[in-house]
Every structure is written in C-alpha cells, then in structure tokens.
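What follows is a set of notes on a single structure, which appears directly below.
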Amino acid sequence: MIGRLHHIGIAVPDIAAASALYRTRLGADIGEPKDLPEHGVTVAFIEAGSASLELLSPLGPDSTLHRFLERHPQGGQHHLCFEVPDIEAAMARLKADGATVLGDGAPRLGAHGLPVIFMHPKDFAGTLVELQQASLEPQS
Ligand SMILES: CC[C@@H](C(=O)O)C(=O)SCCNC(=O)CCNC(=O)[C@H](O)C(C)(C)COP(=O)(O)OP(=O)(O)OC[C@H]1O[C@@H](n2cnc3c(N)ncnc32)[C@H](O)[C@@H]1OP(=O)(O)O
Ligand SMILES: [Co+2]
C-alpha cells in the first residue's frame, strides 16, 4: 500500500532560525516558508533526494504544534509522510484494521495540494503517520 517516504515533518519553535541552521550547517536548499492556516502551521521544505524535510512551526493559538513543543521545547521529529496511490482505499484498510484516522476522518488537502490523512501515534507504535495521495486522482 505505502509507496515512497514523501517527507519527514520536523516541528520547530522558530522556522526562520531552524532554516538558517539547516542552510548554514548543512548547505540545505530551503523553500520559502508558507502559512497554512487550515493546518495551523507554517511550513518550509528542504529537498533531500527522493524525500524531503518539512520544517513546521505553529500558526495561530489553536495549532496542535503548541502541545508538541510543550513536550519538546527545542523541537523534534514530528511525523512521517508516506505516499499512497489511493487515499480512500488506504483509509478503508486502516479503519478495518482498527486504526484511528485523525480529524473528522476525511482527507484534507495538504501542503502540496494533495489529499492527506493522519493516523494516531497510538496506532503506529508511537509515530504520527501521515499518508498523502500521490496524485490528485487516485491510482489503482
Ligand atoms: C503542512 C500540512 C501537512 C502536510 O501536507 O504535510 C502537515 O504535515 S500538517 C502537520 C500538523 N498537523 C497534524 O499533526 C495533524 C495530526 N495531529 C493531531 O491530530 C495531533 O497532533 C495528535 C497526534 C492527535 C496529538 O495531539 P495532542 O494535542 O498533542 O494530543 P495529546 O497531547 O493528548 O497527545 C496524545 C498522545 O500522543 C502523543 N503525541 C502527540 N503528538 C505526537 C507526535 N507528533 N508523535 C508521536 N507522539 C505524539 C503524546 O505524547 C501523547 O502520548 P501519551 O502521553 O503517551 O498519551
Ligand atoms: Co506533513
């Protein structure tokens, strides 16, 4: 079911400071930060071969990242995002296996304008897993 690892989400308290670190210390090529109010985050992507890093900082008082950063004040690895060909089929399989799809249980458009869902860390041995449909139309 899962395809390539699309990105690793890394939550940081200050996305400008974190971007400067990756840029100066690792020579990373970082995209401009982008506010995604519908997700309560500001993101900046770092290309890293076949996958990317997604730097995330809280946007707005209700961002879920505030709780994460209370536990991890310096920031840290937040989630893994895998590509799937058909997110509805993936959701059906996960729900049938007892996994909890977070939010209202329906896919939403993520940072790349593609449908994404999240599964609770309790269902994946402590890791927050995001699935992203590889293209706008599901593939069989
Ligand atoms: C940019 C858009 C999109 C993309 O296109 O890529 C994104 O990536 S947006 C990323 C931000 N959005 C989300 O993360 C949405 C899904 N997340 C959630 O719904 C919540 O964060 C959560 C997973 C339900 C946790 O919410 P929280 O308020 O922190 O709940 P608790 O404090 O009760 O924690 C419950 C439990 O889960 C552990 N936890 C929380 N976050 C993580 C995490 N990132 N990785 C692993 N574990 C996590 C937390 O420690 C608690 O554990 P216990 O104490 O053992 O119960
Ligand atoms: Co993500």
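Heads up: numbering here begins at 1 and tracks the sequence. This one's a predicted model, so the numbers in the text were calculated from it and none came from an experiment. In each ligand, atom 1 is the first atom listed, and ligand 1 is the first ligand listed.
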Heteroatom proximity flag, T64 to ligand 1, N/O under 3.5 Å: yes
Closest candidate by heavy atom, reference atom 14 (O) of ligand 1, pool H78, E130, H120: H78
4.0 Å heavy-atom contact, G9 with ligand 1: no
Which of the ligand 1 atoms, numbered from 1, are nearer than 4.0 Å to a heavy atom of L128: 14 (O), 23 (C), 43 (C), 44 (N), 45 (N)
Backbone or side-chain N or O of T127 under 3.5 Å from ligand 1 N or O: no
Whether H112 and H7 hold their rings parallel, tilted or perpendicular, with breakpoints at 30° and 60°: parallel
Interfacing atoms of ligand 1 (cut-off 4.0 Å, heavy-atom, G110): 5 (O)
For the Co ion (ligand 2): the N/O/S atom of E130 at shortest distance: OE1
Protein contact of atom 48 (C) of ligand 1 - nearest heavy atom, named by residue and atom, plus distance: P121 CG, 3.6 Å
Note, L131 side chain near M119 side chain (heavy atom, < 4.5 Å): yes
E54 side chain to H79 side chain, donor-acceptor N/O pair below 3.5 angstrom: yes
The Co ion (ligand 2) to H79: nearest N/O/S atom name: NE2
H7 near the Co ion (ligand 2) via N/O/S, less than 2.8 Å: yes
Mode of H39 contact toward ligand 1 - side chain, backbone, both, neither (heavy atoms, under 4.0 Å): side chain
Part of A111 within contact of ligand 1 (heavy atoms, under 4.0 Å): both
Contact partition for K122 relative to ligand 1, non-hydrogen atoms under 4.0 Å: neither
Distance filter under 4.0 Å to L36 heavy atoms, resulting ligand 1 atoms: 1 (C), 2 (C)
Ligand 1 contact on Q132 by region, counting heavy-atom pairs under 4.0 Å: neither
Which segment of H112 sits under 4.0 Å of ligand 1 when only heavy atoms are counted: neither
